[in-house]
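Every number for a ligand or one of its atoms is a count from 1 in the order of the listing.
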Amino acid sequence: MKLGMEITVKQMYQIEENGHQMGFPRQLMMENAGASMVKNLVNQFGDLSSKKVLVFAGLGNNGGDALVVARHLAGHGSSVSVVLLGNPKDIKTVECRTNWQVLQKMKSVSIKTLEDASSMEPDIIIDGILGTGISGTIREPHASAIDLINHLSAYKVAVDVPSGLNPDTGETANKFVKADMTVTFHRMKRGIPKRIDLCGRIFVEKIGIPPEAEMGVL
Ligand SMILES: NC(=O)C1=CN([C@@H]2O[C@H](COP(=O)(O)OP(=O)(O)OC[C@H]3O[C@@H](n4cnc5c(N)ncnc54)[C@H](O)[C@@H]3O)[C@@H](O)[C@H]2O)[C@@H](O)CC1
Ligand SMILES: [K+]
């Protein structure tokens, strides 16, 4: 067990796949990721029941994590709004879709358009737009969502990595989120410590992946 080692995105996907093959499903990795983020928010803010939270979710598993956070925050009594950055039918993964379907049944979480969000005044923003699956120039509506996050004054929390930051190199795309806190999962990705100016307070959270999933990878 190589403690404290920083890993690459490629290694993360290999570890994730090994864990999944061992029978620890991605869905549970996602649930643990979202729950660990909320634990850090409770540590940061104490009582979350008076907080207005605006969640931005992409259509991949970074977005899926953010949808888990939305559900948990509703349980804490926060006033939660979710902006999905695309049409639900275009959601890319079963893990993200599963969490979207649960939110559809929850009156305690309100679904907003990017338009609605531009006139909101949240206390906390969750950036679940892009994670390790980022590639190339940021397309719409993700680019406008990143601009809006940077424009709004709230406490900004990045899921796994600030959207627009390359987790391997620390390079930024044409648009990138400047976060106050970043909660990254399983292990530190190499590019994150290079940009603490964009990540803010960084927390690395284990999400239950068996250490044996790293064999042959690290
Ligand atoms: N690897 C792991 O073990 C785990 C990963 N999890 C989460 O999964 C994330 C990775 O999920 P994915 O692989 O689905 O990838 P992402 O969710 O990071 O991104 C993929 C989505 O972003 C879009 N996208 C990519 N580049 C874009 C661009 N330039 N402009 C606009 N859209 C763009 C893709 O079309 C796709 O919809 C991680 O960052 C983490 O948050 C967690 O669920 C926990 C487990
Ligand atoms: K993110």
Side-chain angles (χ1 to χ4, degrees), residues 7-22 24-37 55-69 83-100 114 125-147 149-150 156-168 171-189 191-192 195 198-200 202-211 213-214 217:
I7 61 172
T8 65
V9 165
K10 183 166 176 281
Q11 287 172 325
M12 189 65 238
Y13 280 116
Q14 289 171 326
I15 291 165
E16 176 188 317
E17 178 58 25
N18 290 344
H20 195 79
Q21 292 305 329
M22 287 177 74
F24 181 65
R26 283 186 182 81
Q27 199 74 52
L28 291 183
M29 296 176 192
M30 178 173 285
E31 191 67 25
N32 288 344
S36 73
M37 171 163 278
V55 178
F56 290 88
L59 303 181
N61 278 356
N62 197 246
D65 293 355
L67 298 183
V68 172
V69 171
V83 177
L84 185 74
L85 291 175
N87 191 309
K89 70 176 177 33
D90 295 325
I91 288 177
K92 292 280 187 322
T93 69
V94 60
E95 294 87 12
C96 183
R97 187 174 308 108
T98 301
N99 279 294
W100 176 254
L114 196 50
I125 288 175
I126 306 296
D127 162 24
I129 299 174
L130 291 168
T132 52
I134 185 171
S135 65
T137 306
I138 308 297
R139 303 187 292 274
E140 289 297 350
H142 301 61
S144 298
I146 290 173
D147 284 343
I149 290 176
N150 289 330
K156 297 153 192 184
V157 187
V159 177
D160 204 26
V161 61
S163 299
L165 181 63
N166 180 316
D168 271 341
E171 284 155 11
T172 48
N174 54 309
K175 300 275 182 185
F176 51 91
V177 167
K178 191 173 182 327
D180 299 298
M181 178 192 281
T182 295
V183 181
T184 193
F185 309 118
H186 183 65
R187 282 188 185 264
M188 182 65 84
K189 282 79 184 184
I192 291 177
R195 296 308 303 266
L198 297 181
C199 296
I202 300 170
F203 298 92
V204 183
E205 292 287 353
K206 293 296 186 190
I207 53 176
I209 296 175
E214 297 187 334
V217 181

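Annotation: Ile207 places no N or O atom under 3.5 Å from an N or O atom of ligand 1; distance criterion only. At least one N or O atom of Thr137 sits closer than 3.5 Å to an N or O atom of ligand 1. Between Arg139 and ligand 1, a contact under 3.5 Å exists for at least one N or O pair. Of the polar atoms of Gly131, at least one N or O is found under 3.5 Å from an N or O of ligand 1, judged by distance alone. At least one N or O atom of Gly136 sits closer than 3.5 Å to an N or O atom of ligand 1.
With atom 20 (C) of ligand 1 as the reference point, the heavy atom nearest to it among Ala145, Gly34, Ser36, Gly133 is part of Gly133. Checking Thr132, Val183, Ile209 against atom 10 (C) of ligand 1, the nearest heavy atom belongs to Thr132. The residue among Asn32, Val161, Leu130 with a heavy atom at the shortest distance from atom 22 (O) of ligand 1 is Leu130.
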Go through the steps to decide whether Ile134 and Phe176 satisfy the test side-chain contact (heavy atoms from CB on, under 4.5 Å), and finish with yes or no. CA-CA 11 Å; Ile134 185 171; Phe176 51 91; over 6 Å; no
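With sequence neighbours left out, the side chain to side chain donor-acceptor pair (under 3.5 Å) criterion links Lys175 to Asp147. When the side chain to side chain donor-acceptor pair (under 3.5 Å) test is applied to Asp65, no partner is found at least two apart in sequence or on another chain.
Here the N, O or S atom of Asp127 that is nearest to the K ion (ligand 2) is O.
Contacts with ligand 1 closer than 4.0 Å are made by side-chain heavy atoms of Asp160 only, the backbone lying farther away.
Between Ile15 and Ile7, some side-chain heavy-atom pair lies under the 4.5 Å cut-off.
With the K ion (ligand 2) as the vertex, atom O of Val161 and atom OG of Ser163 span an angle of 100° (nearest 10 degrees). Vertex the K ion (ligand 2), arms ending at O of Leu130 and OD1 of Asn62: the angle is 70° after rounding to 10 degrees.
With respect to Lys189 and Asp160, a salt bridge is recorded, a charged nitrogen being found less than 4.0 Å from a carboxylate O.
Residue Ser135 places a heavy atom less than 4.0 Å from ligand 1. Distances from ligand 1 to the non-hydrogen atoms of His186 include no value under 4.0 Å.
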